Number of protein chains: 2
Amino acid sequence: MPLTPRQQQVLDCLRQHAADFGRAPTLDGLCRLLGLRSRGSLHKHVQALIAEGLVEPLNGHHRGIHLVTQSTDENTLPLLGKIAAGRPIEALPQSDTIEIPPRLRTSRPCYVLQVTGDSMAEAGILDGDFVVIERRETARNGEIVAALIRGEETTLKRIVQEPGRVTLVPANRGLSPVVYAPEEVAIQGVLVGQMRAYH
Amino acid sequence: MPLTPRQQQVLDCLRQHAADFGRAPTLDGLCRLLGLRSRGSLHKHVQALIAEGLVEPLNGHHRGIHLVTQSTDENTLPLLGKIAAGRPIEALPQSDTIEIPPRLRTSRPCYVLQVTGDSMAEAGILDGDFVVIERRETARNGEIVAALIRGEETTLKRIVQEPGRVTLVPANRGLSPVVYAPEEVAIQGVLVGQMRAYH
DNA sequence: GCGGATCGTTCTCGATTCGTTCTCCTCCAG
DNA sequence: CTGGAGGAGAACGAATCGAGAACGATCCGC
């Protein structure tokens, strides 16, 4: 739903205030900035902005009108580098980012890797694909994880955790599952999305 | 139904206003811009534009004359429906859209389909994946296309075109390539991107 | 810890603006 | 003369907007 003119003014004023002071204004302070005399009136505008998801809702626990953080780059994630069986994640020197639609990520922190190699080809993950990884240190059995093995190499595999051992299962007839001790495998994240460009 | 000269003038004025201010004008504001004195008169023209589908209908819920946004968000594409071997594209009743990062599409018109079935599984396209299709009627050999066969069924396959015959090649050991006469196969678009969510 | 000041929230009331509908008017082509 | 395009103006209901009062909850100096 589009904002009314006054709501737009309030939003502009909030952005201005954030740029100037970096502090969250109170309703009374906003009233003065906007030339209003009643908090009650302004409150309705702020509620509308909250309904639009532009302002942090404050459920009586703290004060101050906080803008929601940067809705613009909400759809970009850091592209950390490449993941290949046999090598640690090749970090890119420059901090690169890549646009990811919300459907391909979760609400928790995520990052993106580019796949090298065909070890997960039969799971539909090919050489050159981009994979979205949710930053997490535990996984459920059967999930595909980015795992650091003995602090040396990082790989993308399906994980099966049993008492006393962890098995990383590739999706490729030419490769075999490998069994590790639990302390050898550090989960760095869980696969939540994948995408590929053909052109 | 064609627009009357005055309706065209109102439409031009609306586009001008959107370009200048990015805000929806009110009927009174439009009157001033057009040199009119009565909202009631202008209202009839706006109603005509709504009937033509050029202006957002506002059913007393909000104010301001909004132009209909045609592909306003350049990162969203229409999600037309599902594509399955053996059936035409199942059109979704409601016109749905889906966010697609620029990397997964081309600069030409594209749309999105959701894949049903595993006929392209060995090319890394699984059941449930979303594929981005560039709207095009010709393809190069080896490209993956959405093709309409005999006007009946639509399918996603790799295409090989030779003089006098067209072969559609699935990527699945259990399925065989099928040869058609060129006039039996109508290319509806070419695969340019693919994505999958795991959660 | 306490009490007053500050703040968020909710409510009512009134004023203005705006979309809508209606009637009446002019102009012009067929 | 008739009908359609176009405009003026009045009137009504709804959306928008602000003022003010009242009530808890939080914050802060003592």
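Naming convention: chains lettered A, B, ... in sequence-line order (proteins, then strands); numbering from 1 in each chain. A quick note: this is a predicted structure, and the numbers were derived from the prediction, not measured.
- In this structure B:Asp118 satisfies the salt bridge (Lys or Arg N to Asp or Glu O under 4.0 Å) test with no other residue, sequence neighbours excluded.
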query: Once each nucleotide of nucleotides 17-30 of chain D is scored for protein heavy atoms under 4.0 Å, what B/S/- sequence comes out, 5' to 3'?
result: SBBB----BBS---

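- With no hydrogens or angles considered, no side-chain donor-acceptor pair links A:Glu99 and A:Thr76 at under 3.5 Å.
- Listed by chain and number, the hydrophobic cluster partners of A:Val169 are A:Val160, where partners are ILVMFWY side chains within reach of under 4.5 Å, directly or through others.
- Bending across the helix from C:dG1-D:dC30 to C:dG30-D:dC1, expressed as the angle between its end axes from five pairs apiece, amounts to 30° (10° rounding).
- Sorted by first then second residue, the salt bridge (Lys or Arg N to Asp or Glu O under 4.0 Å) pairs that include residues 139-149 of chain B, not counting sequence neighbours, are B:Arg136-B:Glu143, B:Arg140-B:Glu143.
- The salt bridge (Lys or Arg N to Asp or Glu O under 4.0 Å) check on A:Arg150 picks up A:Glu184, with sequence neighbours excluded.
- Residues A:Ile65 and B:Ile65 both approach DNA chain C. Their nearest nucleotides, taken by heavy-atom distance, put A:Ile65 toward the 5′ side.
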Which pairs of donor and acceptor atoms, one on a side chain in residues 27-40 of chain A, lie under 3.5 Å apart (sequence neighbours left out)?
from	atom 1	to	atom 2	distance (Å)
A:Ser38	OG	A:Gly40	N	3.2
A:Ser38	OG	A:Ser41	N	3.3
A:Ser38	OG	A:Ser41	OG	3.2

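- Members clustered with A:Val145: A:Ile149, A:Ile159, A:Val166, A:Leu168, A:Val178, A:Tyr180, A:Val185, A:Ile187, A:Val190, by chain and number, using a 4.5 Å side-chain heavy-atom cutoff among hydrophobic residues.
- Residues passing the ring pair (Phe, Tyr, Trp, His ring centres under 6.0 Å) test with A:His17 are A:Phe21, sequence neighbours excluded.
- Listed by chain and residue number, nothing satisfies the salt bridge (Lys or Arg N to Asp or Glu O under 4.0 Å) test with A:Arg103 (two or more places apart in sequence, or in another chain).
- Here the range on DNA chain C touched by chain B, meaning any atom under 4.0 Å from one of its heavy atoms, is C:dT17 to C:dT21.
- Listed by first and then second residue, the salt bridge (Lys or Arg N to Asp or Glu O under 4.0 Å) pairs that reach into residues 165-176 of chain A are A:Glu122-A:Arg173, A:Glu162-A:Arg165, sequence neighbours excluded.
- The distance between atom CG of B:Leu30 and atom P of D:dG6, rounded to the nearest whole Å, is 16 Å.
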